[in-house]
Amino acid sequence: MDLFTAISERRSIKHFNPSHQLNDAEVATLFEQALLSPTSYNIQHWRFVRITDNKLRQDIRAAAWDQAQVTDASELVLICADTNAWQKSPERYWRDAPQAAQDMLVPMLQDFYQGREWIQRDEAIRSGAMAAQTLMLAAKALGYDSCPMIGFDQDKVAELINLPDDHILVMMLPIGKALKAANGRGGQLPLQDVVLNNGF
Ligand SMILES: Cc1cc2nc3c(=O)[nH]c(=O)nc-3n(C[C@H](O)[C@H](O)[C@H](O)COP(=O)(O)O)c2cc1C
């Protein structure tokens, strides 16, 4: 599937075939592709929690207004992000780069995030969202569908997965075989309302 087709055919699907499973190679492909998403200073804040335990899936569904895709999709991925990733052994983000680049970038990234809590959080969300879109398009390319979700009790789900204090839940992503197509699109804003030339 070419990229433009994947972009236009990706829709948020609510009805998944509960008996379909992704095989291990497909799951590995999805995450390998997600890891190639861009992040500021290559910090890769994302942490992906796969929910494979049926009871935990049921508990998460209960915390997500009983939305069926939480239990019916083949995979349920909780896309989390570490807001403190910028200061946890940052040299690993540039370990394959030439020494001169490492010497410049590692202190630079620490200066950029040090003491700026709001941008530490923004960056974690940006990274998680980048990965989410890659996962959704990669799933589409493999013949699967997905549904990005933030409709759940964040505190409850955080408790269920033992989310560390310095991590955030970016979104939940069920992935699987669609049983029913999405409804028509809600309505995309016209280009002229959202594309601006040289400022507002
Ligand atoms: C961050 C985010 C959270 C969303 N949360 C939910 C959700 O909890 N439940 C749901 O059914 N759809 C959810 N959606 C899907 C949106 O309603 C959907 O993306 C939007 O209506 C556009 O439709 P499309 O994705 O089919 O193009 C969410 C989408 C995003 C990006």
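In this chain, numbering begins with 1 at the start of the sequence shown. Each ligand, and each atom within it, is numbered from 1 in the order the structure gives.
- What sits closest to atom 27 (O) of ligand 1 on the protein, heavy atoms only, is R10 NH2, 3.0 Å.
- Between the side chains of E123 and Y41, no donor-acceptor pair is found at a separation under 3.5 Å.
- Checked against a 3.5 angstrom limit, the closest N/O atoms of A182 and ligand 1 fall outside it.
- For atom 9 (N) of ligand 1, the choice among Q67, R185, M136, M172 with the nearest heavy atom turns out to be Q67.
- An N or O contact shorter than 3.5 Å is missing between M171 and ligand 1 by distance.
- Distance from atom 8 (O) of ligand 1 to its nearest protein heavy atom, with residue and atom name: G151 N, 2.9 Å.
- Only the side chain of K14 comes within 4.0 Å of ligand 1, judged by heavy-atom distances.
- Linking ILVMFWY residues whenever their side-chain heavy atoms come closer than 4.5 Å, directly or via other members, places L189 and L191 in the same cluster.
- Every residue was checked against the ring-ring contact (aromatic ring centres under 6.0 Å, His included) condition with Y93, not counting sequence neighbours, and none meets it.
- At least one protein heavy atom sits closer than 4.0 Å to atom 29 (C) of ligand 1.
- Judged by distance alone, the side chain of R126 and the main-chain N or O of T39 form no donor-acceptor pair under 3.5 Å.
- Below 30°, between 30° and 60°, or above 60°: for Y113 and W86 the angle between ring planes is between 30° and 60°, a tilted geometry.
- In this structure, atom 21 (O) of ligand 1 is not in close contact with the protein, since no protein heavy atom lies within 4.0 Å of it.
- Using a 4.0 Å cut-off to heavy atoms of R11, the atoms of ligand 1 that qualify are 24 (P), 26 (O), 27 (O).
- Residues I175 and M172 are members of separate hydrophobic clusters, defined by side-chain heavy-atom contacts under 4.5 angstrom among Ile, Leu, Val, Met, Phe, Trp and Tyr.
- Counting heavy-atom neighbours within 6.0 Å of N23 CG, excluding the residue itself, gives a total above 12.
- Which parts of ligand 1 touch I150 is read off a 4.0 Å heavy-atom cut-off, strictly below it: atoms 3 (C), 4 (C), 5 (N), 6 (C), 8 (O).
- When P174, G184, C147, S12 are ranked by how near their heavy atoms come to atom 16 (C) of ligand 1, first place goes to S12.
- Counting protein heavy atoms under 4.0 angstrom from atom 4 (C) of ligand 1 gives one or more.
- L173 and L137 are members of different hydrophobic clusters when ILVMFWY side chains are connected at heavy-atom separations under 4.5 Å.
- The single protein non-hydrogen atom nearest to atom 6 (C) of ligand 1 is P148 O, 3.2 Å, given as residue, atom name and distance.
- Salt bridge D145/K177: absent, no basic N to carboxylate O contact under 4.0 Å.
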